[in-house]
There are 2 protein chains.
Amino acid sequence: MQVLITGGAGLLGARLARELLKRGTLTNAQGEQTPITRITLLDVVPARGFDDPRIQIVTGDIADEKVIDSVLTPQTQSIFHLAAIVSGQAEADFELGMRINFDATRLILERARKNGNCPRVVFTSSVAVFGGDLPAVVPDAQVLTPQSSYGAQKVMGELLVNDYSRKGFIDGRALRMPTVCVRPGAPNKAASSFASGIIREPLNGAEAICPVAPETPMWLLSPRHAIESLIHGHDIDGSLFGSSRALSLPGLATTVSEMVAALERVVGAEVVKRIRWQPDPAIIRIVNTWPGNFATVRGDALGFQRDASFDDIVRGYIEDESIRVV
Amino acid sequence: MQVLITGGAGLLGARLARELLKRGTLTNAQGEQTPITRITLLDVVPARGFDDPRIQIVTGDIADEKVIDSVLTPQTQSIFHLAAIVSGQAEADFELGMRINFDATRLILERARKNGNCPRVVFTSSVAVFGGDLPAVVPDAQVLTPQSSYGAQKVMGELLVNDYSRKGFIDGRALRMPTVCVRPGAPNKAASSFASGIIREPLNGAEAICPVAPETPMWLLSPRHAIESLIHGHDIDGSLFGSSRALSLPGLATTVSEMVAALERVVGAEVVKRIRWQPDPAIIRIVNTWPGNFATVRGDALGFQRDASFDDIVRGYIEDESIRVV
C-alpha cells in the first residue's frame, strides 16, 4: 500500500516514516496488515536521512492544489496529515494559519474525496481545541471553545474529518496530541516550544529560558508514544470511534516543576541550573488557555498508550538522540 | 448606520428588514441606538414588497467575492448573515452546502476584516450543530458532534465568528435557531419543513403530510420571536457572551402531537383531519439527530425570549398572514 505523510520532514513525520519502514506494514481498508510499497514524505523542506527505495521525498506547499494532486492519488490508501503552522505563528499570522491549517487540510480531504478510494486519514489535532472556562480535568465530552486561531483551525479540521468520514468520502481519525516533549533540534514558534527547550538545551550544555511559572500544568506525550499513537490510531477500526472521529490522546499530566525535578533525578543538579525563569506574558496567555489534565476514557478504551513518567521521557530522549550529558 | 441582510428575500430576512424599518434604529459600536440610513437586502432572488428609500435590493450569489465586495463596505456597521442552504439540500449536495454555508460565511467575514471597521455580525446557526449521543435536555456546555453536513458547516461558521471576534476583526454573535415555525409560503428542502407544513397546509384547506411520528420532540421558535431574537442578539453588548460568541436561543419544547392538538384547539377538529401521517425514513433519520429540549441558561440570562405556547404560535401565524380559516 501507498502512504502519504504531510509534514514528512518534521520530527513526527520523519520518525513515523522510519517506524513504518521498520514495521513494513499498515492495516488496509479490509483490516489486514499489508506491505507498505511507498511512503511519500511531503514538506516545505526535503526530508533528510532516508535511504530506502520505498521512500519518495517531495518538496512543496501543501496548500497548493497542484502539489496535493501530485502526491495524493487513488493509489494512496493511507494519509498521515501532520503538517501545520504552529500555535504562536498562527496567532501572529492569521492568513498563513488559515491557509496551512485549514485550507490545506480541506484540499487534502477534497482530493481524497474525488479520488474515490476512501483512504484512512490520520489528522493531528491538538489540546488547543480546548479553552475558556475549563474543569481541572477535561472530560471527553468537553465543549470546544478554542481561544487561539490555531485551536479554531484544528476544530474546523476535526469537523471536516468527521463529516467526510460520515459521508464515506474518507475513513478519518482526528487525534488531539498533547504537547510533544522532548523535541530535538531548534526551538520553534509554538507557544509550547519551551517545554522541550527547558530539557533539551540544558542537556546540550546551553542555557534555557522558561517563560511560564513552575506550577504550570503540562499534558505531555513523548515522540515515541506519539508515533505509537499515530500508527495505532490508523490501524484500529474506524467504527470504534462512534459518533465522533476526534478524540483526546492519553498523555502524562505533570507540571513544569515536576519536569525539572525529573531532569535533575536523571542527570543531576548541575544541568538544571542552566534553566533561567523569565516570564513571557504572550506565551503565558496562550499556555494558560490549555488544560493540564484530561480524563481520556475513550482513548484509553481504544488502546492508546501514555508515558509512565517524565523520568522515562527524559531517559527516552537521551537514548533516542544519543545525548552525552555534559 | 448601514445594515446588510443576507438571505434578505427569505422569510426571516424580509421580516427583519420590515421590523428594522419600523423601529428605525439599531445599536452602534458605541452602544447607542442610531438611525438606520440603509438596509441592503442581498439574496439570489430580489426581495419583494418594499417601498422605502432606505431599502437597497441586490440580487447575487453570496459566495461570489465581487457580489460581497459590492454590498459590504467600511460603511456597513451591521451584518445579519441569514443566507444558507437548508439541511436536506446540504446533505444531498455536499459541494453546494460547503460553498454557501461555509465559503460564503468566510467570504463575508474576510471582507469585514479587510474593511477594518469591526462591524456587528449576527450569524444564524442551528440546533443541527448537535447530534450523536445527547441528553434529553441539552445544556449550553454540550459538546458539538453534528451528524449532518449542514450542522458541521454551521459549527465551522460559529468557529469563524468566534475567532474573528476574539481577534477584534468583527463583533460577532452566532445564534442557534430552533426550528422556525410556522413558515408561510411553499415547503422548502429543510428536513424540518414538515413542522410548518402540518400547520400551514391544513389552514389553507390543503392536505399535509407528516413524515415523522406524533411523539417526535420539537424545539420551536415563531417568526415573531425569531426576529426579536436577531435584533436583541445584535443590540446587546458582545462582551456579555463571554468566551464563546455562540449560544442556543431559548425556544418552545413541544412534540408533533402537541402541535396538532394546539392547532385543533385554535381552529377545530376539521382542519386537523387534513394531516396525513406517512413516515419518511430519510427525514426521520435527520430529525432524530436533533434534540427536542434545551436548557438555555445563557440565552435566558442574556434576555432572549421564547414563545409561551404553541397555541400562541398558531394564533400569531393566523394574524401575521391574515389567514381566513376554511
Side-chain angles (χ1 to χ4, degrees), chain A residues 90-95 97-99 101-103 105-106 109-110 113-114 128-135 138-169 174 241-248 285 289 298, chain B residues 90-95 97-99 101-103 105-106 109-110 113-114 128-135 138-169 174 241-248 285 289 298:
Chain A
E91 194 62 24
D93 190 338
F94 178 77
E95 293 185 3
M98 282 298 287
R99 184 168 184 278
N101 294 343
F102 178 72
D103 290 323
T105 300
R106 184 175 177 189
L109 298 184
E110 270 297 279
R113 177 170 81 90
K114 287 170 183 160
V129 299
F130 300 103
D133 296 327
L134 291 173
V138 176
D140 285 324
Q142 180 64 42
V143 65
L144 306 183
T145 51
Q147 301 299 312
S148 67
S149 294
Y150 176 78
Q153 291 149 11
K154 286 294 185 186
V155 183
M156 290 166 66
E158 289 186 4
L159 285 158
L160 289 181
V161 167
N162 257 313
D163 204 44
Y164 277 67
S165 296
R166 191 185 59 78
K167 299 282 279 185
F169 302 150
F241 282 80
S243 62
S244 170
R245 293 303 184 101
L247 62 74
S248 300
R285 195 191 67 73
T289 69
R298 283 178 66 214
Chain B
E91 194 63 23
D93 190 338
F94 178 77
E95 292 185 4
M98 283 297 288
R99 183 167 185 278
N101 294 343
F102 178 72
D103 290 323
T105 300
R106 184 176 176 188
L109 298 183
E110 269 298 278
R113 177 171 81 90
K114 286 170 184 160
V129 299
F130 299 104
D133 297 327
L134 291 173
V138 176
D140 285 325
Q142 180 65 42
V143 65
L144 307 183
T145 51
Q147 301 299 312
S148 67
S149 294
Y150 176 78
Q153 290 149 11
K154 286 294 185 186
V155 183
M156 289 167 64
E158 289 187 3
L159 285 158
L160 289 181
V161 167
N162 257 313
D163 204 44
Y164 277 67
S165 296
R166 191 185 58 80
K167 298 283 279 186
F169 301 149
F241 282 80
S243 62
S244 171
R245 293 302 184 102
L247 63 73
S248 300
R285 195 191 67 73
T289 69
R298 283 178 66 213

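Basis for what follows: all heavy atoms, side chains included, without hydrogens, waters or symmetry-related copies. Note that the structure is predicted; figures quoted are calculated from it, not measured. A note on names: the letters A, B, ... follow the listed sequences, proteins ahead of strands, and every chain is numbered from 1.
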Determine the sole option in Asn162(A), Val161(A), Val155(A) for which the side chain to side chain contact (heavy atoms under 4.5 Å, CB included) test with Leu159(A) is passed.
->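 Looking at Asn162(A), Val161(A), Val155(A), the match for Leu159(A) under the side chain to side chain contact (heavy atoms under 4.5 Å, CB included) is Val155(A).
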
Most chain B-contacting option - heavy-atom pairs closer than 4.5 Å, from Gly131(A), Ser243(A), Ala152(A), Gly242(A) =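 With the most close heavy-atom pairs to chain B, the winner is Ser243(A).
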
Top residue by heavy-atom pair count (under 4.5 Å) with chain B, among Ser244(A), Gly151(A), Ala246(A), Ala141(A)?
->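 Ranked by contacts with chain B, first place is Ala141(A).
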
Please flag which part of Gln142(A) lies under 4.5 Å from any non-hydrogen atom of chain B: side chain, backbone, both or neither.
->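 Contact with chain B involves the backbone of Gln142(A) alone.
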
Report the residues that fulfil salt bridge (Lys or Arg N to Asp or Glu O under 4.0 Å) with Arg166(A), sequence neighbours left out, ordered by chain and then residue number.
->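 In terms of salt bridge (Lys or Arg N to Asp or Glu O under 4.0 Å), with neighbours along the sequence ignored, Arg166(A) is linked to Asp163(A), Glu91(B).
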
Got a sec, which residues hit side chain to side chain donor-acceptor pair (under 3.5 Å) with Asp103(B), two or more places apart in sequence or on another chain?
->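 Scan of Asp103(B) (side chain to side chain donor-acceptor pair (under 3.5 Å), adjacent residues dropped) gives Arg106(A).
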
Ion pair present between Lys114(A) and Glu110(A), side-chain N to carboxylate O less than 4.0 angstrom?
->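 Result for this pair is yes, salt bridge flagged.
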
